[in-house]
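In what follows, a single structure is set out as structure tokens and then discussed.
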Amino acid sequence: YIDNVTMKLDYNNNHMQLDRHIPRRGFTLIEILIVILIISILAMLVLLGINPSRQRGKLYDIKRKHDLTQLRGIYDLYYTKTSHYPTGAEVCYDSPEEYSPGMCQCRICGREQDLGTFRDVINILYCDPEHPRKTYLYQYECADNPGWFKIYATLSQDDTAGNSCSYGVTNKPLEFL
């Protein structure tokens with residue numbers, strides 16, 4: 001029994017020669033390139049579906065919500081110690097302005113200015129993860145001893161069309177926002 005063997009006749013030497021024909025193993029270069037092309041197209045489709053900038057925006061929004069929740073706790077602790085909430089001069093890096101009668105506002109970020117107001121509680125005040133492009137807005141009662149506050153952030157995945165501050169916390173009921 002002879003398998004995969006062919007007989008060839010060599011016309012120049014007039015004799016028969018055995019030629020073992022071994023089946024081909026492995027892939028050709030063209031087959032490998034086609035597989036690479038298909039994998040590349042699938043990878044590109046997956047990356048387009050994931051959209052890294054959108055995912056980064058979601059992570060920033062999670063951080064913003066966490067920061068504002070932490071700030072509300074820090075401000076409440078400050079109130080417990082001093083019987084009032086901090087003024088803009090104590091926590092803001094820009095000059096506080098009167099936004100409406102009885103309401104002042106400014107922007108907060110510990111990297112810009114930290115006057116040590118919360119030194120006992122936290123080393124540095126929270127900043128928006130995209131600072132300085134986006135900032136946290138601090139609104140409070142225009143008084144020497146503010147009795148209320150609001151802190152706002154602009155989320156990347158903004159569901160409120162046209163609203164510049166789409167998430168906030170306060171020491172009052174949520175309707176106050």
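Starting from 1, each residue takes its place in the sequence as its number. Below, all heavy atoms of this structure are taken into account, side chains as well, without hydrogens, waters or symmetry copies. Please read these numbers as outputs of a predicted model, since none were measured by experiment.
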- What distance separates E31 CD from I36 CD1, expressed to the nearest 0.5 Å? 12.0 Å
- Message: What verdict does the side-chain contact (heavy atoms from CB on, under 4.5 Å) test give for S156 and E130, after you've listed the backbone C-alpha separation in whole Å, the side-chain angles of each residue and the deciding distance to 0.1 Å?
- Response: CA-CA 10 Å; S156 298; E130 295 183 84; 3.5 Å; yes
- Query: In a check of side chain to side chain donor-acceptor pair (under 3.5 Å) between D128 and each of K63, R64, K134, which one passes?
  - Reply: R64
- Query: Is there side-chain contact between D76 and Y85, with at least one heavy-atom pair below 4.5 Å?
  - Reply: yes
- Would you call M103 and E141 a side-chain contact if the rule is heavy atoms closer than 4.5 Å? no
- Check whether any side-chain heavy atom of Y167 lies under 4.5 Å from a side-chain heavy atom of K65, and answer yes or no. yes
- Message: Quick check against the 3.5 Å criterion: does D94 have a side-chain atom that pairs as donor or acceptor with the backbone of C106?
- Response: no
- Query: Are Y99 and Q139 close enough that some pair of their side-chain heavy atoms sits under 4.5 Å apart?
  - Reply: yes
- Validation row: I151, I108 side chains within 4.5 angstrom (heavy atoms): yes
- Query: Does the side chain of D67 pick up a donor-acceptor pair with the side chain of Y136 at under 3.5 Å?
  - Reply: yes
- Is there side-chain contact between R107 and Y138, with heavy atoms separated by less than 4.5 Å? no
- Result for ring pair (Phe, Tyr, Trp, His ring centres under 6.0 Å) between F149 and one of Y78, Y140, Y75 points to Y75
- Item | Exercise: identify the closest heavy-atom pair between P146 and P86 | CG-O, 3.9 Å
- Please check if the side chain of S166 supplies one atom and the backbone of L155 the other of a donor-acceptor pair under 3.5 Å. yes
- 4.5 Å side-chain heavy-atom contact, L137 and Q105: yes
- When rounded to the nearest 0.5 angstrom, what distance separates CG in L77 from CD1 in I74? 8.0 Å
- If two hydrophobic side chains count as joined below 4.5 Å and joins carry through other members, does V46 share a cluster with I38? no
- Item | Student check: side-chain heavy atoms of I39 and V35 closer than 4.5 Å | yes
- In one Ile/Leu/Val/Met/Phe/Trp/Tyr side-chain cluster, 4.5 Å: L33, I41: no
- Query: About how many Å separate CG of N171 and OH of Y79, when rounded to the nearest 0.5 Å?
  - Reply: 8.0 Å
- Here the gap from E98 atom CD to C104 atom SG, rounded to the nearest 0.5 Å, amounts to 5.0 Å
